[in-house]
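As the structure is a computational prediction, the values presented were derived from the model and not from experiment. Below, chain A is the first sequence line, B the second, and so on; all start at residue 1.
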Amino acid sequence: MIDVDLLRKEPAKVKENLERRRNPAYLELFEKARARDAEWRACLGEADALRKRRNELSRQIADARSQGRSVAEIEAEAKRIPDSLHEVAAREASLKQEADLLLRRLPNLLDVTVPYGKDDTENVVVATWGEPEKGAPQLKSHSELLEALGLAEFDRAHRVSGAGFYYLKGPVVLLDLALQRFALDLLVERGFTPVEPPFMLRRGPYEDVTDLADFENVMYKIDQEDLYLIATSEHPLAALYRGEILDEDRLPIRLAGVSMNFRREIGGHGVDQKGIFRVHQFSKVEQFIFSRPEESPRLHEELRANAEEVFRRLEIPYRVVNVCTGDVGTVAAKKYDVEAWFPRQQAYREVVSCSNCTDYQARRLRIRMGKAGKPGKVVPHTLNSTAVATSRALAAILEQYQQPDGSLTVPKVLRPYLGGRTTISAPSGPN
RNA sequence: GCUGAGGUAGCCUAGUCCGGCAAGGCGCCAGCCUUGAAAGCUGGUGGCGGCGACGCCGCGGGAGUUCAAAUCUCCCCCUCAGCGCCA
């Protein structure tokens with residue numbers, strides 16, 4: 001949620017910024033939000049005037065009573081107030097609610113360094129690393145390789161849970177855990193505190209950390225409970241200090257979330273036919289930071305550098321794109337994607353999403369900065385970035401490290417986590 | 001799931017029975033005092049609206065009764081403790 005003060009005092013700036021997102025719906029929303037806010041303030045004035053008169057008369061009645069004077073006349077006027085106040089107050093409350101809802105639906109203001117563009121085809125490459133291999137169409141797809149090596153059961157998973165689910169088996173499970181541990185160790189070394197968060201959140205907190213459309217398209221709802229399965233540990237990590245005042249001397253707070261993530265993926269691209277690239281559940285190590293506002297651009301680069309380091313150490317070629325104005329999500333002010341090279345597909349595909357949410361998420365969560373005993377008004381910034389999503393990283397590894405004989409070489413940096421194992425090949429016996 | 005106790009400002013607490021401007025402490029800020037500091041003393045310390053004087057709101061949430069609700073009535077939510085169940 002953006003600061004309502006900006007809407008009132010610098011509407012031209014806000015409008016100009018919203019225009020960059022290239023979605024006319026936002027401009028409509030902006031006008032409506034402004035108008036409703038003005039109506040609300042006018043109505044609030046009316047209600048306050050009535051309340052003021054009521055309070056005056058109430059006090060007069062109390063005073064008169066205590067002095068034994070008659071209250072009949074004052075009471076006659078006082079009795080007329082509740083009816084009109086009731087009507088005005090109801091209108092005021094409903095205008096307030098409408099104005100709030102409109103304000104909450106407005107996206108974050110974009111950072112000036114976000115490139116102007118209409119959709120993901122106009123994202124700007126800002127870095128590349130490694131040598132993408134050209135001409136490797138003879139490779140197996142990651143799902144074919146998983147099945148050939150006896151490392152996954154897709155058909156059986158689809159039968160019992162539906163499309164978008166999988167069984168992983170054997171050494172690839174250890175490889176998955178190795179990836180998580182490798183990423184986590186790297187982050188701990190860099191000052192992050194590992195956190196295993198709740199995998200479910202209540203609706204209230206959840207509405208504060210993401211936009212409403214996600215409830216329709218992304219999150220799984222638990223039947224009979226006010227609980228949603230998390231789509232990413234970013235969400236419970238952001239909600240960790242909901243309604244609290246953060247000691248500004250302790251910022252930045254660096255957290256490394258470790259969780260399974262659940263996504264319905266309704267609409268959009270849906271789930272992939274087979275494999276683990278786009279699925280309903282996956283493990284992820286997530287970076288999350290609460291920061292002072294002035295530090296967030298620097299920390300955004302730090303998150304990006306950490307994510308790049310993960311893929312550099314895995315020796316997977318990648319590039320980084322600065323996501324353009326038409327493609328940045330609602331909550332982020334700026335976003336980088338890291339895209340790994342998939343040699344069989346001959347394409348870069350998204351493996352990391354790294355966002356600076358500025359004060360948008362924290363304001364919704366009613367988080368402020370300050371010192372003990374001295375709450376401030378400043379809203380801290382929140383940032384998040386994938387360190388490694390194992391589904392995507394495994395898919396990249398399965399293509400990148402595939403050998404001509406059909407075996408899979410284990411990335412060097414993961415070998416210590418697998419007892420020094422260097423290769424995964426097809427099992428000789430039945431499994 | 002059952003029973004009980006709770007939810008009041010950044011934090012801790014009183015007020016609730018019996019309706020009448022939310023009291024006190026801690027912390028924090030400022031001033032006085034002091035060579036400096038501490039202590040002490042004085043004042044301030046939430047949200048919203050208003051250019052402002054100022055006003056309104058705020059006691060978990062909502063509805064009701066009333067001129068007037070932290071306080072009375074009804075509904076709901078949450079937390080903690082004990083018990084039950086459980087990897």
When rounded to the nearest Å, what value does the distance between [atom1] atoms of [N] and [M] take?
N	M	atom1	answer
U73(B)	U66(B)	P	16 Å
A14(B)	U71(B)	C1'	13 Å
A81(B)	G27(B)	P	29 Å
G10(B)	C28(B)	C1'	9 Å
C2(B)	C18(B)	P	30 Å
C72(B)	C78(B)	C1'	23 Å
C54(B)	A70(B)	C1'	26 Å
G15(B)	A9(B)	P	16 Å

Start at the 5' end of RNA chain B and walk down; is the nucleotide closest to Ile245(A) or to Asp5(A) reached first?
Ile245(A)
Atom-pair distance ([atom1] on [X]; [atom2] on [N]), nearest Å:
X	N	atom1	atom2	value
Arg53(A)	C21(B)	CZ	C1'	17 Å
Asp249(A)	C28(B)	CG	P	13 Å
Leu7(A)	G49(B)	CG	P	12 Å
Leu95(A)	G49(B)	CG	P	14 Å
Asp37(A)	C48(B)	CG	C1'	11 Å
Glu46(A)	G55(B)	CD	C1'	15 Å
Asp48(A)	G55(B)	CG	P	11 Å
Lys377(A)	U45(B)	NZ	P	12 Å

Within less than 4.0 Å of OP1 or OP2 of G46(B), is there a side-chain N or O belonging to Arg368(A)?
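Answer is no, no contact under 4.0 Å.
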Within the 3.5 Å criterion, strictly below it, is a donor on Tyr318(A) or Glu308(A) matched to an acceptor on the partner's side chain?
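Note: Tyr318(A) and Glu308(A) side chains meet the donor-acceptor criterion.
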So which nucleotide does [N] pair with, by the Watson-Crick or G-U wobble rule with both distances under 3.5 Å?
N	result
G1(B)	C83(B)
A63(B)	U73(B)
C48(B)	G55(B)
G6(B)	C78(B)
C41(B)	G31(B)
C17(B)	none
A68(B)	none

Which is true for Arg202(A) with a 4.0 Å heavy-atom rule: it touches a base, it touches only sugar-phosphate, or it touches nothing?
sugar-phosphate
Taking the side chain of Arg41(A) as heavy atoms from C-beta outward, which of G47(B), G49(B), C56(B) is closest to it?
G49(B)
Any carboxylate oxygen within less than 4.0 angstrom of a Lys/Arg side-chain nitrogen, looking at Arg53(A) and Glu56(A)?
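So Arg53(A) pairs with Glu56(A) through a salt bridge.
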Is any side-chain N of the basic residue among Lys15(A) and Glu31(A) closer than 4.0 Å to the acidic one's carboxylate O?
yes
Could you give all pairs that pass the side chain to side chain donor-acceptor pair (under 3.5 Å) test and reach residues 249-258 of chain A, with sequence neighbours left out?
Arg254(A)-Glu302(A)
For the residue pair Phe342(A) and Phe277(A), does the interplanar ring angle fall in the parallel (under 30°), tilted (30 to 60°) or perpendicular (over 60°) class?
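Perpendicular.
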Could you encode protein contacts along nucleotides 58-72 of chain B as a string, one character per nucleotide from 5' to 3', using B for base contact, S for sugar-phosphate-only contact and - for no contact, with a heavy-atom cut-off of under 4.0 Å?
------S--BS----
Just wondering, more than 12 heavy atoms not from [X] lying within 6.0 Å of its [atom1]?
X	atom1	value
Glu73(A)	CD	no
Arg104(A)	CZ	yes
Lys412(A)	NZ	no

What verdict does the ring-ring contact (aromatic ring centres under 6.0 Å, His included) test give for Tyr206(A) and His235(A), after you've listed the backbone C-alpha separation in whole Å, the side-chain angles of each residue and the deciding distance to 0.1 Å?
CA-CA 7 Å; Tyr206(A) 223 135; His235(A) 297 153; 4.9 Å; yes
